[in-house]
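What follows is a set of notes on a single structure, which appears directly below.
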Amino acid sequence: MIRVLTLLVVLQLCGEILARLVPLPLPGSLLGMLILLGVLLLRGQASRELQQTSQVLLQNLMLLFIPFIVGIVAQFEHFADQWLPFVSACILGAIISLVATAWTLRWMLSRQARVNILPPEGN
Amino acid sequence: MLQTLQTMIESPGMSSLIWIAATLAAYSLTMALYRASRAHPLLLPVVTGTAGIMVLLALTKTPYDAYFSAVSPLVFMIGPATVALAVPLFGQVHRLKTMWLPVTVALLVGCVVAIASALAIAWLFGGSSQILISVAAKSATMPIATSLTAYFGGIVPLAAAAVAITGIAATMLSGPVLRWACGDVEDTVRGFALGLTAHAIGTARALQISETAGAFAAMAMSLNGLMTALLMPIAVSGM
């Protein structure tokens, strides 16, 4: 577990360094994730220890967000006068993008399945 | 007596212990409640746990900044946890190889719709251009959305709020909305839609549904973060 935590923190650090070198405002942790993915793809497998530790961390992600969400509620004054456009953009936008994403992926998957069932051209 | 207690509580080491303990307890309790309710969307621990902490902060008259610095060790763990998302993603690589085209198209459509719908709705309701910039990246994960908003001159706390409201709303509504729109939905599709729209909050939820849903959510979240960073300059220049 400690070895995995070390790995994760070191990769995040590498990501932070990389983030300062690329011109896009990407967070270091995301780049660290891409580095780890690259390493796993090269090695072809994830160790048991890595799998177990990351599972524990990821299953409790919501715990780590509580402080952030508390802070947002505490900062309500920042958007109190514009809450209607703001909150409706968030909630209605969330519903629209959920549906659009699910529909598109479903449609593409069923289209792919149909293409795969059809015999290849020329037969 | 009360005053000594007050000074004791406000000393830095002590307040870290107290507020981390309180946050862990609030999470454990609300998580138990959530499990007992068989994952009722209204009992999502990010909502109920947050509400519990808000009540405690109000009762003890603790300012938010003091709470946030007290629990900074918990907040720190978001970074390593984000890196760890590569593991479930790697677990699904073999499936991705056969699905790369549907996934790419769904990512493009989802990302464009997430940005465009937020801009259009905020504009329809008369939001200022600063509000528009601050909601544009709302489906991207927190660190990406806040850095993009700062980069394009939006209001950073507002962007953080947009990310959180979107994540919570999409996670709470995903069950009924997807059932209504798609009927019985596969874990891959549900996970992907959750991760794309509701970033890490949706991914946390998807990881509870199944490993497949979690992996597709992690994939959608990270891809959408990248895609939002690529599309934001276009969206902002079109405003």
Side-chain angles (χ1 to χ4, degrees), chain A residues 5 8-9 11-12 15 24-27 29-30 32-34 36-37 40-41 46 50-51 54 57-59 61-75 78-79 82 84-106 108-109 112, chain B residues 23 27 45-46 49-50 53 64 68 71 74-75 77-87 89-90 102 105-106 109-110 113-114 117-118 121-122 125-127 131 135 143-144 147-148 151 157-158 160-162 164-166 169-170 177-178 181-182 189 192-193 196-197 200 204 207 225 229:
Chain A
L5 278 180
L8 295 177
V9 173
L11 286 178
Q12 191 191 349
L24 282 170
L26 292 175
S29 53
L30 191 88
M33 187 200 81
L34 294 176
L36 179 56
L37 184 64
L40 290 174
L41 286 173
L50 179 58
Q51 288 183 19
S54 43
L57 265 178
L58 294 174
Q59 276 186 337
L61 262 180
M62 287 199 199
L63 163 69
L64 310 179
F65 289 126
I66 290 178
F68 268 113
I69 319 260
V70 170
I72 285 150
V73 184
Q75 282 168 342
H78 277 287
F79 53 98
Q82 290 235 358
L84 183 68
F86 180 70
V87 175
S88 41
C90 293
I91 297 178
L92 295 178
I95 296 174
I96 294 170
S97 44
L98 268 176
V99 173
T101 311
W103 267 347
T104 312
L105 184 58
R106 253 205 154 175
M108 286 300 292
L109 284 173
Q112 191 181 44
Chain B
T23 308
Y27 175 74
V46 279
T50 300
I53 295 294
Y64 168 68
F68 195 76
V71 297
L74 283 182
V75 176
M77 289 308 292
I78 292 178
T82 307
V83 178
L85 282 170
V87 179
L89 204 51
F90 172 70
V105 174
V109 171
V113 167
S117 65
I121 295 165
F125 282 97
I131 293 267
V135 296
I144 298 185
S147 36
L148 282 171
Y151 193 82
L158 201 60
I165 295 173
T166 302
V177 163
L178 291 180
C182 304
V189 173
F192 196 84
L196 190 141
T197 310
L207 284 161

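Computed from heavy atoms alone, side chains included, the values below leave out hydrogens, waters and symmetry copies. Chain A is the first sequence line, chain B the second, and so forth, proteins listed ahead of strands; every chain is numbered from 1.
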| Is it true that a side-chain atom of A/Gln59 and a backbone atom of B/Ala204 form a donor plus acceptor pair closer than 3.5 Å? | no
| field | Between B/Cys182, B/Ala106, B/Pro102, the one whose heavy-atom pairs under 4.5 Å with chain A are most numerous | value | B/Pro102
| request: For B/Tyr64 and A/Pro67, indicate whether the former's side chain and the latter's backbone hold a donor-acceptor pair under 3.5 Å. | output: yes
| Side chain, backbone, both or neither: which part of B/Val87 has an atom under 4.5 Å from a heavy atom of chain A? | both
| task | Pick whichever of A/Leu92, A/Ile95, A/Val70 has the most heavy-atom pairs under 4.5 Å with chain B. | result | A/Val70
| field | Top contributor to chain A contacts, counting heavy-atom pairs under 4.5 Å, from B/Gly225, B/Ala118, B/Ala181 | value | B/Ala181
| remark: Checked B/Ala193, B/Gly49, B/Pro45, B/Gly110 vs chain A; the most non-hydrogen pairs under 4.5 Å come from B/Ala193
| task | Measure distances from B/Phe90 to the heavy atoms of chain A and classify the residue's part below 4.5 Å as side chain, backbone, both or neither. | result | both
| Partner chain A: residue of B/Ala160, B/Ala164, B/Gly126 with the largest heavy-atom pair count (under 4.5 Å) | B/Ala160
| task | For each of B/Leu85, B/Leu89, B/Ile121, B/Val83, tally heavy-atom pairs with chain A at distances under 4.5 Å, and name the one with the top tally. | result | B/Val83
| field | Side chain, backbone, both or neither of B/Val105 within contact of chain A (heavy atoms, under 4.5 Å) | value | both
| request: Against chain A, label B/Leu178 side chain, backbone, both or neither, depending on which of its atoms sit under 4.5 Å from a heavy atom there. | output: side chain
| said: Which atoms of B/Ile78 are under 4.5 Å from chain A, going by heavy atoms: the side chain, the backbone, both sets, or neither? | reply: both
